[in-house]
Protein chains: 2
Amino acid sequence: MNNKVNVKEKFIETASKLFQIKGYNATGLNEILAKSGAPKGSLYYHFPKGKEQLALESVNLAGQKIITNVINALDSIENPVEAIKFNIENIAIIIDNEQKTSDISISLIALETYLTSEILRKACDEIFTSLENIYAKKLIKSGISKDKSYELGCVIAAMIEGGITLSLTKKSGDSLRILAKQLPNLINI
Amino acid sequence: MNNKVNVKEKFIETASKLFQIKGYNATGLNEILAKSGAPKGSLYYHFPKGKEQLALESVNLAGQKIITNVINALDSIENPVEAIKFNIENIAIIIDNEQKTSDISISLIALETYLTSEILRKACDEIFTSLENIYAKKLIKSGISKDKSYELGCVIAAMIEGGITLSLTKKSGDSLRILAKQLPNLINI
DNA sequence: GTCTATAATGAGATAGAC
DNA sequence: GTCTATCTCATTATAGAC
């Protein structure tokens, strides 16, 4: 049964990467099975409700990793502007090096599923809200008012998601670097 | 042949809506054909290269409409901050009323295709760049330096694309309204 | 030139052997 | 409990009648 857990985790990790990079609709179960090295029956044993259930657990795993990365970046620098700049510049480097995104953004899955799967929409909604709150709390610590911090948290989350979209489309982290450069104008401490 | 043009335009208009709302991968040619009221042979007569060619013309049509909407909004108010706020608030209202996006954003198509179709990636890249330049030129008119205006154009485009993603996922235009409210902090004239 | 019929492939899902 | 074989359906694309 130790193996059972590992098989299920392997499914989720493989699916999480593929869903983020290629998208929900472009990723077939066959591809996930091939990369996991397991047969189809095994997948439906672990995920009786099929693709949507696998996607839900995949999105949640991706969300955990993204949130952890952001928290680590923000915790490494005390000044919130410098900390968020550091976080954005890290993402820019990843996009320049890899030209695709895993554990960076769930925008693609969110946009693909918000109309067709209420379960997945809610999962993405919660992750976006968590990210906004993480940025907000960093700002509150530095003395910015609670109300303004939560509004800026939303703006920062939107900027970063949009910046990732632009950078991926342009195949260059420069769009994100411009965001980072202009961040001090937005947050006047 | 007048009819011929109309049939082709009808294909592009129908496909453009569906690709934007449901995404490239989730939209089948059969659905486009059904909503266009034309047979399959007709589609491949007008678009010999199939789905990708239809998508390219659909993305370009969507881009034209999005750009026209932004230009009209920006032209209606002289102050650039108020003009861009007006544009963002318009999009928020549309999302609240329709819960889906047509002629508002190409983020979904961009994220779906940047890895799989160089043709579609470039088309999306050009539209994003056009939007950035439109915002930049509005700022230049108000006396902001050229360099800073182009950087802010990029930031505004990213913010809006990300804000649309958040608002659609949350089923509420409020995320976009928060962006609009915080915009004056970013652009200090 | 327009459209019907069909090919060829791959998808998600399931039944049932062991 | 695990896996193989298969089912059903939808997809893109094409061949060929008219």
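Values below: every heavy atom of this structure, side chains too, minus hydrogens, waters and symmetry copies. The shown structure was predicted, so the numbers you read here are calculated from the model rather than taken from an experiment. Proteins come first, then strands; the chains are lettered A, B, ... in the order of their sequence lines, and each starts at number 1.
When distances run from any side-chain atom of Lys51(A) to the nucleotides dC3(C), dA13(C), dA13(D), the shortest one goes to dA13(C). Closest to the Tyr45(B) side chain, of the nucleotides dC3(C), dT12(D), dG1(C), is dG1(C). Here the side chain of Pro39(A) is nearest to one of dT4(C), dC3(D), dG12(C), namely dC3(D). Taking every side-chain heavy atom of Tyr44(A) into account, dA13(C) is the closest of dT4(C), dA13(C), dT2(C). Listed candidates were dA5(C), dT2(C), dC3(D). Nearest to the side chain of His46(B) is dT2(C).
Note: CD (Glu52(A)) to P (dG12(C)) measures 13 Å, nearest angstrom. Straight-line distance from the CG atom of Asn6(B) to the C1' atom of dT2(C): 16 Å, rounded to whole Å. Atom-to-atom, CD of Gln53(B) to P of dT14(D) comes out at 12 Å; the value is rounded to the nearest Å. Rounded to an integer number of Å, the gap from Leu33(A) CG to dA13(C) P is 12 Å. Taking atom CG on Leu43(A) and atom P on dC3(D), their separation rounds to 12 Å, with Å as the unit. The separation between Ile32(B) atom CD1 and dA13(D) atom P is 11 Å, rounded to whole Å. Residue Phe47(B) contributes atom CZ, which lies 17 Å from atom P of dG1(C) at whole-angstrom precision. Straight-line distance from the CZ atom of Phe11(A) to the P atom of dG12(C): 13 Å, rounded to whole Å.
Using a 4.0 Å cut-off between a side-chain N of Lys or Arg and a carboxylate O of Asp or Glu, Asp96(B) and Arg177(B) qualify as a salt bridge.
Between Ile12(B) and His46(B) there is no side-chain heavy-atom pair separated by less than 4.5 Å.
Alongside Ile93(A), the hydrophobic cluster contains no other residue (criterion: ILVMFWY side chains under 4.5 Å).
Between Asn30(A) and the phosphate of dG10(C), there is no side-chain N or O to OP1/OP2 separation shorter than 4.0 Å.
Taking the centre and axis of the six-membered ring of Tyr24(B), the NZ or CZ atom of Lys51(B) falls inside the cone set by 45° and 6.0 Å. Annotation: cation-pi geometry satisfied between Lys8(A) and Phe47(A) (NZ/CZ under 6.0 angstrom from ring centroid, within 45° of ring axis).
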